[in-house]
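What follows is a set of notes on a single structure, which appears directly below.
In what follows, every chain begins at residue 1, and chains take the letters A, B, ... in the order their sequences are listed. Reckoned from all heavy atoms, side chains included, excluding hydrogens, waters and symmetry mates.
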Number of protein chains: 2
Amino acid sequence: MPSKPKSPRRAMQKSVRLSEIQKAAREVFFTKGFAGATMEQIAKQARVSKGTLYLYFTNKDDLYVSLMLPVLDELGRYLHEFAQQVERKTIISRDQFLSRLCEIYYATYQFDPDGMRIIQTFQLGNHFAAMSKATLETINQRASANYRITRNVLLQLMRDGILKQRDPIKLTDILWATLIGIIQLEESKARTTQKDHLKVTLLCAFEIIGEGI
Amino acid sequence: MPSKPKSPRRAMQKSVRLSEIQKAAREVFFTKGFAGATMEQIAKQARVSKGTLYLYFTNKDDLYVSLMLPVLDELGRYLHEFAQQVERKTIISRDQFLSRLCEIYYATYQFDPDGMRIIQTFQLGNHFAAMSKATLETINQRASANYRITRNVLLQLMRDGILKQRDPIKLTDILWATLIGIIQLEESKARTTQKDHLKVTLLCAFEIIGEGI
DNA sequence: GGCATAAAATGACTGACGGTCAGTCATTTT
DNA sequence: AAAATGACTGACCGTCAGTCATTTTATGCC
């Protein structure tokens with residue numbers, strides 16, 4: 001929440017500090033967990049005083065939640081590229097569509113599993129009531145942009161006769177929900193069995209769904 | 001955490017206290033949220049001192065997480081009944097199977113949405129590192145019992161030729177994951193749009209899945 | 001370079017809360 | 001009736017998120 005920068009020099013410093021803080025926050029939050037991490041530790045890791053953290057984020061929740069943004073951006077880039085491919089009629093079959101989408105979702109997860117988990121906790125809504133209006137706004141804006149792209153891709157493919165005519169909103173939801181649900185389940189199983197079945201389960205799910213869309 | 005009861009009178013009192021505390025905890029946690037709720041408030045609501053809470057639960061996490069148990073039990077009852085129906089060959093088609101399972105899942109959710117959310121947060125694994133070994137044990141035991149029933153139902157239906165031959169473990173996961181994912185997504189949407197599409201989306205998902213299994 | 005002013009950073013401080021434990025007292029046992 | 005038990009209490013402690021008066025640093029002007 002720094003005020004408007006006057007000089008470009010200061011603006012640069014600000015953005016550097018910001019990402020330094022976020023980098024430090026990642027390290028501390030993701031090794032100690034949200035409750036286990038303290039603002040003092042994060043400040044130390046970022047070579048900054050505790051007070052400074054509060055110049056950039058309104059509170060602990062806010063800082064934590066901000067770490068999901070790179071994931072949303074990464075997903076956005078993938079989806080954008082995907083939409084272009086669909087536009088150019090490069091995607092010409094249902095299977096192709098599904099395996100591509102599955103890849104995108106999996107790549108997004110792989111890009112930052114910890115960030116993905118924040119998205120889920122956030123979406124669950126129980127926690128993080130205290131975060132700033134601004135951060136909430138940013139998140140919603142990015143998320144709904146991604147949502148819109150996916151829906152448009154589906155609409156296009158339905159128009160082209162590649163997918164069955166269905167409610168595109170519901171379908172968008174179901175595809176994303178499948179990802180979310182499987183991540184949640186498989187991560188929880190992985191914690192006890194040490195085995196990673198996420199990708200194969202996801203593939204299996206998309207194969208099953210493939211026969212119905 | 002109460003020690004072994006000697007007299008039945010005392011044992012009765014203990015179990016009454018326990019459920020009084022859990023009832024109070026529900027009220028406070030579910031109106032103020034996990035972080036917003038204080039042990040002091042819960043104690044007050046339960047007409048008990050703060051110290052007493054710690055005779056029944058090792059810490060705040062433990063108390064919170066214990067509130068998911070009724071949901072697991074309820075699901076267990078439904079699934080048990082379902083398994084008996086399958087045993088008796090009352091379920092004779094794929095559609096019948098799916099719509100029944102969908103009903104069960106939805107009923108479980110309806111039984112206690114707040115408890116369901118705890119299951120999800122717990123499954124996510126970020127939070128609640130400090131809960132007691134005993135509670136963790138209980139939860140895992142109930143959860144895997146439910147898991148086993150579902151898998152056996154699927155196996156039976158595959159043997160009977162009602163479902164396609166598939167990896168029953170993956171399929172169990174995918175069905176549950178679909179529920180979890182849709183709950184998460186639709187609740188998050190409901191928070192902003194005030195509209196409840198959970199059931200219709202779930203039905204749609206199970207219809208799509210129906211064509212692939 | 002030196003000074004004035006504004007912005008940024010600091011860290012000592014505070015209040016709130018999770019968790020503890022020595023002590024109390026009703027109930028049960030002897 | 002005396003002794004033992006154990007459920008319960010609440011004052012107390014340590015920790016930590018968040019605040020704010022003070023100090024440090026950067027910028028603009030002469």
Can you give the dot-bracket line for DNA chain C, using ( ) for pairs inside the strand, [ ] for pairs that cross earlier ones, | for pairs with another strand and . for unpaired bases, where Watson-Crick and G-U count if both distances are under 3.5 Å?
||||||||||||||||||||||||||||||
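What separates CD of B:Glu20 from P of D:dA7 is a distance of 15 Å, to the nearest Å. Rounded to whole Å, the distance from CD on A:Gln41 to C1' on D:dT15 is 11 Å. B:Lys32 places its NZ atom 14 Å from the C1' atom of C:dC17, with the value rounded to the nearest Å. D:dG18 atom P lies 13 Å from atom CZ of A:Phe57, rounded to whole Å. Here D:dA17 presents its P atom at 16 Å from NE2 of A:His127, a figure rounded to the nearest Å. A:Lys44 has its NZ atom 13 Å from the P atom of D:dC16, to the nearest Å.
Shown here are the side-chain contact (heavy atoms from CB on, under 4.5 Å) partners of A:Leu203, two or more places apart in sequence or in another chain: A:Cys102, A:Lys199. For B:Glu87, the salt bridge (Lys or Arg N to Asp or Glu O under 4.0 Å) test picks out no residue, with sequence neighbours left out. B:Ala25 pairs by the side-chain contact (heavy atoms from CB on, under 4.5 Å) definition with B:Phe29, B:Ile42, B:Leu63, B:Leu67, not counting sequence neighbours. With sequence neighbours left out, the ring-ring contact (aromatic ring centres under 6.0 Å, His included) criterion links B:His197 to no other residue. The side-chain contact (heavy atoms from CB on, under 4.5 Å) search around A:Lys44 returns none, not counting sequence neighbours.
The shortest distance between the side-chain N/O atoms of A:Tyr56 and the OP1/OP2 oxygens of C:dA9 is below 4.0 Å. Using a 4.0 Å cut-off, some side-chain N or O of A:Arg17 falls inside it from OP1 or OP2 of C:dA9.
Looking only at atom types and distance, the side chain of B:Thr135 has no donor-acceptor partner in the side chain of B:Thr138 under 3.5 Å away.
Applying the salt bridge (charged side-chain N to carboxylate O under 4.0 Å, His left out) test to pairs two or more places apart or on separate chains, those with a residue in residues 105-114 of chain B are B:Arg26-B:Asp112, B:Asp114-B:Arg117. For residues 140-156 of chain A, every residue pair satisfying the salt bridge (charged side-chain N to carboxylate O under 4.0 Å, His left out) rule, not counting sequence neighbours, is listed here: A:Asp73-A:Arg142.
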For nucleotides 18-21 of chain C, which of its nitrogen or oxygen atoms have a protein nitrogen or oxygen under 3.5 Å away, and what is each distance?
from: C:dG18; atom 1: OP1; to: B:Ala37; atom 2: O; distance (Å): 3.3
from: C:dG18; atom 1: OP1; to: B:Lys60; atom 2: NZ; distance (Å): 3.0
from: C:dG18; atom 1: OP2; to: B:Met39; atom 2: N; distance (Å): 3.0
from: C:dG18; atom 1: N7; to: B:Lys50; atom 2: NZ; distance (Å): 3.1
from: C:dG19; atom 1: OP2; to: B:Tyr54; atom 2: OH; distance (Å): 3.0
from: C:dG19; atom 1: OP2; to: B:Lys60; atom 2: N; distance (Å): 2.8
from: C:dG19; atom 1: N7; to: B:Lys50; atom 2: NZ; distance (Å): 2.7
from: C:dG19; atom 1: O6; to: B:Lys50; atom 2: NZ; distance (Å): 2.6

What verdict does the ring pair (Phe, Tyr, Trp, His ring centres under 6.0 Å) test give for A:Phe34 and A:Phe128, after you've listed the backbone C-alpha separation in whole Å, the side-chain angles of each residue and the deciding distance to 0.1 Å?
CA-CA 11 Å; A:Phe34 178 76; A:Phe128 314 133; 5.5 Å; yes
